[in-house]
Number of protein chains: 2
Amino acid sequence: MIFQADGATICALSTAPGMGAIAVIRVSGPDAIGIGDALFSRDLRRADSHKALFGVIRKGEQLIDEVLLTVFKGPNSFTGEDVIEIACHGSVFIQNQLLQLLVENGCRYAKQGEFTFRAFFNRKMDLSQAEAVADLIAAESAGAHELALNQMRGGFSNEIAHLREQLINFASLIELELDFAEEDVEFADRSQFTKLLFEIEVVLKRLIDSFQTGNAIKTGIPVAIVGKPNAGKSTLLNALLNEERAIVSDIPGTTRDTVEDRVNIEGVSFRFIDTAGLRETEDVVEKIGVGRSKDAIKSATIVLYVYDVNEHTDASIAAVEAQLQHDLDPSRQSLLMVGNKIDEHADHSSSHTAHLFISAKHKTAISDLQETLINLSNLRLNTEGSTVTNIRHYEALTSAYTSLQEVLIGMENAVSGDFLAIDIRKALHHLGEITGEITSDDLLGNIFGKFCIGK
Amino acid sequence: MIFQADGATICALSTAPGMGAIAVIRVSGPDAIGIGDALFSRDLRRADSHKALFGVIRKGEQLIDEVLLTVFKGPNSFTGEDVIEIACHGSVFIQNQLLQLLVENGCRYAKQGEFTFRAFFNRKMDLSQAEAVADLIAAESAGAHELALNQMRGGFSNEIAHLREQLINFASLIELELDFAEEDVEFADRSQFTKLLFEIEVVLKRLIDSFQTGNAIKTGIPVAIVGKPNAGKSTLLNALLNEERAIVSDIPGTTRDTVEDRVNIEGVSFRFIDTAGLRETEDVVEKIGVGRSKDAIKSATIVLYVYDVNEHTDASIAAVEAQLQHDLDPSRQSLLMVGNKIDEHADHSSSHTAHLFISAKHKTAISDLQETLINLSNLRLNTEGSTVTNIRHYEALTSAYTSLQEVLIGMENAVSGDFLAIDIRKALHHLGEITGEITSDDLLGNIFGKFCIGK
């Protein structure tokens with residue numbers, strides 16, 4: 001079992017790896033204060049919680065660093081255990097020295113996600129909140145950030161807890177009936193419960209449906225750029241990518257983990273799929289230039305077809321458009337036709353008023369293109385409740401929904417209470433998986449194993 | 001003027017750039033607490049200094065993050081000003097959002113080294129201590145780390161301050177004489193002062209001489225690996241490099257900024273120079289294989305000549321060794337002869353008992369080689385005082401030493417007090433440059449411009 005409470009005191013670098021002005025090392029567990037006290041120049045055993053103390057850390061006689069050390073006494077800490085945070089000078093050498101010193105004095109290197117696991121284990125947060133911590137750290141757009149933060153703060157957990165509570169009340173009455181089965185009483189008013197079940201069904205349905213939007217926000221809206229060779233596909237992609245980099249790069253001291261071929265526009269993340277192909281030499285010239293991108297088109301929410309305005313008549317491009325429209329699924333996919341290279345074209349009047357006309361090379365009308373992408377992304381955020389972003393939650397909700405359907409069918413057919421109870425318990429089980437009332441080691445290992453070290 | 005106290009409140013990311021579990025943003029200046037108070041959910045104006053507060057940061061209605069925020073009230077802070085440190089979740093998105101928010105609320109992005117500059121400006125540390133902060137962050141070996149830490153904690157500053165104090169006493173008595181010149185009195189006992197000057201001269205000489213060692217510790221001891229093609233030079237270098245990487249890589253959560261071709265052995269840093277050549281195809285086969293490495297050999301402290309034991313007779317290698325010895329400067333350079341490929345050699349007895357016999361490929365006797373490198377590095381650390389690691393300090397000390405010589409010559413030739421006073425003032429000036437009593441904008445810009453952002 002990877003994830004269990006083994007009573008160890010764990011340590012890890014909590015700030016980004018590499019050299020910085022400062023770095024923070026976090027220690028959590030029953031001996032955190034004792035181990036810190038042995039190494040630090042000031043008395044930690046009598047230190048106030050949450051108070052930063054300036055002092056030095058020594059390895060025997062040898063000075064390792066001047067640090068700011070803060071004690072967080074459990075349960076008022078991130079993990080719920082005693083925690084110390086050491087803010088040291090940010091050299092990699094010092095980081096390594098301090099970690100080695102902590103291990104020599106009884107700490108164990110923390111596993112990925114182990115601090116957050118302990119916060120979950122000590123009931124500082126439930127499982128969906130713990131998952132949101134990882135999502136928050138990985139969030140790269142305003143939308144993903146907002147959803148993760150809301151989930152971390154318990155918005156989604158509360159909604160699930162409320163559903164479970166209603167179902168548990170219902171289940172307990174049904175099960176009470178079973179105890180009095182011979183007397184043939186009905187504690188649970190069937191019509192009232194049917195009404196409640198329909199209400200729960202609506203909420204579950206809304207949460208399940210929100211996943212498409214939530215997932216698009218979290219992982220980015222998939223866009224396929226297609227078109228004939230030399231239509232300017234990669235120039236267009238670069239124009240979109242560079243636009244953003246220019247905005248980000250004026251903040252000193254921050255770098256961007258460049259996620260290849262991903263662009264944030266007004267807080268919405270777009271993911272350009274199968275773009276590797278854009279940069280290859282495309283030596284097979286075919287009629288409309290989408291042959292090699294068939295798979296990309298299938299998984300795209302937006303298909304962006306680029307054509308050279310100098311090489312098409314209005315009629316020929318209308319034929320292309322018709323063919324593309326035919327291939328797409330209008331319920332989930334949008335087509336955006338983009339006429340490129342207007343700078344080389346004296347007269348670019350066109351009958352295709354719905355098309356966008358740009359010059360990728362000269363960055364003409366790129367902002368119009370961005371605006372159109374935003375409009376086509378068509379994200380419908382739940383205004384009345386949470387948005388599901390996690391496929392594990394989506395699957396658990398779907399399973400809960402199926403069990404609920406069984407209950408409803410049972411009610412309709414007036415099956416006996418013991419059969420109803422089984423399906424209600426199933427629904428409760430699946431809802432409990434989301435918040436972590438129901439867990440397994442595999443599940444926990446899978447969730448926390450995706451965290452970065454130090455969290 | 002880049003570096004001046006402009007009264008601005010400055011902000012920067014202080015931890016390493018990129019994604020981590022947490023990140024720390026530092027704000028310093030007169031409005032630090034006020035700006036923090038406007039954004040944070042709790043009352044900072046009445047907050048205790050050094051106390052970590054848990055709360056949220058909002059941009060208007062929009063939640064940016066849950067953070068731990070600590071107020072450090074000036075002068076009890078790193079910069080001596082009011083400081084707030086915000087420990088947020090470590091996504092790059094959140095880091096950027098918080099920095100933008102701080103700037104929108106009246107902060108300015110900090111320049112490189114600006115926090116440390118302010119610490120210097122507010123007399124929390126002198127200039128040589130400020131320089132040591134940058135050295136400490138960049139230190140990659142135990143030796144460099146120890147020297148930087150000692151310098152940051154004021155060991156070197158105290159020594160310089162003591163020298164200055166003695167000289168100032170002397171100078172003021174000499175200048176007092178000038179005021180009473182017509183009366184022809186001597187306040188300053190010449191023989192006693194000559195003794196003092198000799199004492200100061202000894203200390204200066206010791207500090208100046210320590211620079212060779214200090215610089216080698218800080219920047220690494222330059223080693224040139226030379227030899228004929230296929231002698232196994234790059235295999236040997238890789239064996240030395242890999243040995244170290246294996247040790248470092250078992251600490252989770254820390255990465256090493258790989259400094260190409262640098263190896264730490266027992267806390268001493270070795271720098272392999274001009275190693276690019278080792279990996280090129282060497283198509284010009286020449287007699288002893290050092291032709292392309294002449295420059296590397298000149299700047300090396302240790303020249304490591306590798307030969308294939310299977311291709312040499314004892315006599316032929318003796319000739320090579322004699323020629324190399326002839327080319328080196330024995331006062332500052334050592335030669336290390338290494339016979340490689342002993343694994344392919346049934347009998348590797350040799351009359352060259354001073355040579356080292358290894359197999360780079362099978363990593364045989366690599367630890368002997370490491371030990372020999374340590375012995376040849378011959379670092380003589382000052383046991384009775386500081387070790388100079390900074391070329392600016394070295395130059396200032398050398399200038400002070402020259403002025404002191406002038407004073408001593410003047411004393412010997414009984415020149416008048418006003419001439420003595422000029423040279424003493426010069427010596428004082430140069431010593432004052434080290435600790436920052438004497439500065440210029442160029443000097444400050446040069447020193448602090450080398451810092452990383454956020455320090």
Side-chain angles (χ1 to χ4, degrees), chain A residues 12-24 26 50-53 62-63 65-66 70 72 85 87 89-97 99-100 109-112 115 133 136-142 144-146 149-150 152-153 248 251-257 451-455, chain B residues 12-24 26 48 50-53 62-63 65-66 70 72 85 87 89-97 99-100 109-112 115 133 136-142 144-146 149 152-153 248 251-257 451-455:
Chain A
L13 178 71
S14 282
T15 47
M19 187 173 83
I22 62 168
V24 177
R26 191 183 264 171
H50 290 61
K51 181 97 181 174
L53 300 172
Q62 186 201 344
L63 198 62
D65 199 11
E66 288 182 348
T70 310
F72 299 89
E85 287 191 359
H89 286 92
S91 83
V92 175
F93 180 81
I94 290 174
Q95 294 166 21
N96 288 345
Q97 288 280 303
L99 285 169
Q100 280 175 355
Y109 291 126
K111 303 184 188 91
Q112 293 178 303
F115 291 99
V133 171
L136 184 63
I137 292 172
E140 295 194 329
S141 69
H145 167 258
E146 188 186 337
L149 198 55
N150 179 51
M152 190 184 77
R153 287 168 64 79
V248 171
I251 304 177
T254 61
T255 56
R256 206 169 166 291
D257 279 321
F451 276 66
C452 57
I453 292 276
K455 193 68 217 180
Chain B
L13 178 70
S14 281
T15 45
M19 186 172 84
I22 63 168
V24 177
R26 191 184 264 170
D48 292 337
H50 290 62
K51 181 96 181 174
L53 301 172
Q62 186 200 346
L63 197 62
D65 199 11
E66 289 183 348
T70 311
F72 299 88
E85 288 191 359
H89 285 93
S91 84
V92 175
F93 180 82
I94 290 175
Q95 294 166 21
N96 289 344
Q97 288 282 304
L99 286 168
Q100 281 174 356
Y109 291 125
K111 301 184 188 89
Q112 293 178 304
F115 291 98
V133 172
L136 184 63
I137 292 171
E140 296 194 330
S141 68
H145 167 257
E146 186 185 338
L149 198 57
M152 189 184 78
R153 287 170 62 80
V248 171
I251 303 176
T254 62
T255 56
R256 206 170 166 290
D257 279 322
F451 276 66
C452 56
I453 292 274
K455 193 68 216 182

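Since the structure is predicted, the reported quantities are computational estimates derived from the model, not experimental observations. Letters go in sequence order (proteins before strands), and every chain restarts at 1.
Here the closest non-hydrogen pair linking A:A21 and B:C452 is N-SG, 3.9 Å.
The parts of B:L136 that come within reach of chain A are both its backbone and its side chain, each placing non-hydrogen atoms under 4.5 angstrom from that chain. Contact of A:F72 with chain B is made through the side chain alone, with heavy-atom distances under 4.5 Å. Residue A:D65 touches chain B through both its backbone and its side chain, counting heavy-atom pairs closer than 4.5 Å. In this structure, the portion of A:L149 lying under 4.5 Å from any heavy atom of chain B is its side chain and not its backbone. Heavy atoms closer than 4.5 Å to chain B are found in both the backbone and the side chain of A:A142. Of the two parts of A:L63, the backbone and the side chain both hold a non-hydrogen atom closer than 4.5 Å to a non-hydrogen atom of chain B.
Note: B:S141 leads B:S141, B:A23, B:A139, B:G454 in heavy-atom pairs under 4.5 Å with chain A. When A:H145, A:Q62, A:K51 are compared by the number of non-hydrogen pairs under 4.5 Å with chain B, A:H145 comes out ahead.
Under the 4.5 Å side-chain criterion, counting only non-hydrogen atoms from C-beta, A:H50 is not in contact with B:L53.
Within the model, atoms CD1 of A:I22 and CD of B:E85 stand 5.0 Å from one another, a figure rounded to the nearest 0.5 Å. Note that CD1 of A:I137 and CD1 of B:I94 are 8.0 Å apart. Values are rounded to the nearest 0.5 Å.
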Practice prompt. Take A:E140 and B:V92, measure what side chain to side chain contact (heavy atoms under 4.5 Å, CB included) needs, and give me the verdict at the end.
Written response: CA-CA 7 Å; A:E140 295 194 329; B:V92 175; over 6 Å; no
